[in-house]
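Report on one structure; see the data block that follows.
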Amino acid sequence: MSRLKKISGLAVFLAGLCGAGYGYSADVPGNIPVCYDFSCKTSALVQFTEQDWDQVKGLFYQNTDAAQERRRLRQAIAVMEKIVGTYTPTYRDVGLNWPPGRRSVGSDSGQMDCIDESINTTTYLNLLASAGLLKFHKVLDRAYRRSLFSQHWAAQIVETGTDQHYVVDSWFRKNGEPPIMVRGEVWHDLSLF
């Protein structure tokens, strides 16, 4: 059975926003929607293997506090990106929008902009939450910021004990590297990035 199915960009976008329809449970998740090639131009459904899922779940063994859970969330997102990259061309994704010297998707299929990254990361976070792996955080709708010449999207969580929002931003890093995770008010200050 193929672990990758192409689907419409709209289906991935809606699924990523809703966090539903993935067959999430503590069992091996199936039909995980991912998108890439800028603004979810290309979409796929990925099926994790039991070994893939064990690798992710193992990171959350004995979370003791919210700070530790955030560190493990960063690791889990990196691991999930690597796994998805074995089934899709997203292994080619570099930080920011374009590989040096390239200006078109064509041969660079798998590159992601902040829309792709924020939807995929939100999907991964919802997957972890639905599997009961998050004890100290809840997944929120994606974060958005805008200035006169720039706009940007990222995934977002909230610490349940303090109501502190954290932005989980994979766009700055290449595939398989832990995303940036900062307090929401820091992320919204465009001058810092």
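Any value given below was found using the heavy atoms of this structure, including those in side chains, with hydrogens, waters and symmetry copies removed.
The minimum heavy-atom distance between K174 and D93, with the atom names listed, is CB-O, 3.4 Å. Heavy-atom minimum distance, N120 versus V34: OD1-CA, 3.3 Å. C114 and W171 make their closest contact through N-CD1, 3.3 Å (heavy atoms, listed as atom of the first residue, atom of the second, distance). Taking each heavy atom of G85 and Y91 in turn, the nearest pair found is O-CD2, 3.3 Å. Residues A44 and T88 approach most closely at CB-CG2, 4.5 Å, considering heavy atoms.
With sequence neighbours left out, the salt bridge (charged side-chain N to carboxylate O under 4.0 Å, His left out) criterion links D54 to K57. Applying the side-chain hydrogen bond (donor to acceptor under 3.5 Å, both in side chains) criterion to T86, with sequence neighbours excluded, gives no partner residue. Under the side-chain hydrogen bond (donor to acceptor under 3.5 Å, both in side chains) criterion, R71 pairs with no residue, sequence neighbours left out. Here P179 pairs with R74, I77, V168, S170 under the side-chain contact (heavy atoms from CB on, under 4.5 Å) rule; sequence neighbours left out. In terms of the side-chain hydrogen bond (donor to acceptor under 3.5 Å, both in side chains) criterion, E177 has no residue partners (sequence neighbours excluded). Residues satisfying the side-chain contact (heavy atoms from CB on, under 4.5 Å) criterion with A76, sequence neighbours excluded, are V56, L59, F60, L128. Residues forming a side-chain contact (heavy atoms from CB on, under 4.5 Å) with Q164 (at least two apart in sequence, or on another chain): T162, Y166, R183, E185. Judged as a side-chain hydrogen bond (donor to acceptor under 3.5 Å, both in side chains), and not counting sequence neighbours, the contacts of N63 are E69, R72. Looking at residues two or more places apart in sequence or on another chain, you find a salt bridge (charged side-chain N to carboxylate O under 4.0 Å, His left out) between E159 and R70. Y144 meets the ring-ring contact (aromatic ring centres under 6.0 Å, His included) test with W153; sequence neighbours excluded.
M80 CE to T123 OG1: the interatomic distance, rounded to the nearest 0.5 Å, is 9.0 Å. Atom OG1 of T121 and atom CG of D116 lie 10.0 Å apart (nearest 0.5 Å). A distance of 9.5 Å separates CG of L134 from OG1 of T160, quoted to the nearest 0.5 Å. Here the straight-line distance linking atom CE of M112 with atom CD of E81 works out to 5.5 Å at 0.5 Å rounding. Atom CD of residue Q156 and atom CZ of residue R142 lie 11.0 Å apart, to the nearest 0.5 angstrom. Atom-to-atom distance recorded for T90:OG1 and K82:NZ is 12.5 Å, nearest 0.5 angstrom.
Between the side chain of W53 and the backbone N or O of D27, at least one donor-acceptor pair lies under 3.5 Å. Using modelled atom types, one side-chain atom of S118 and one backbone atom of I115 make a donor-acceptor pair closer than 3.5 Å. The closest donor-acceptor contact from the side chain of D113 to the backbone of S39 lies under 3.5 Å.
A donor and an acceptor atom, one from each side chain of D52 and Y87, are located under 3.5 Å apart.
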Worksheet item: Going through the distances and angles, do Q111 and V94 end up as a side-chain contact (heavy atoms from CB on, under 4.5 Å)?
Response: CA-CA 7 Å; Q111 182 64 30; V94 298; 3.5 Å; yes
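Checked against a 6.0 Å centroid threshold, the rings of W187 and H152 count as neighbours.
In this structure, I157 is not a member of the same hydrophobic cluster as F136, with clusters built from ILVMFWY side-chain heavy atoms closer than 4.5 Å.
Membership of the apolar cluster around L140 extends to V158, as traced through chained side-chain contacts below 4.5 Å between ILVMFWY residues.
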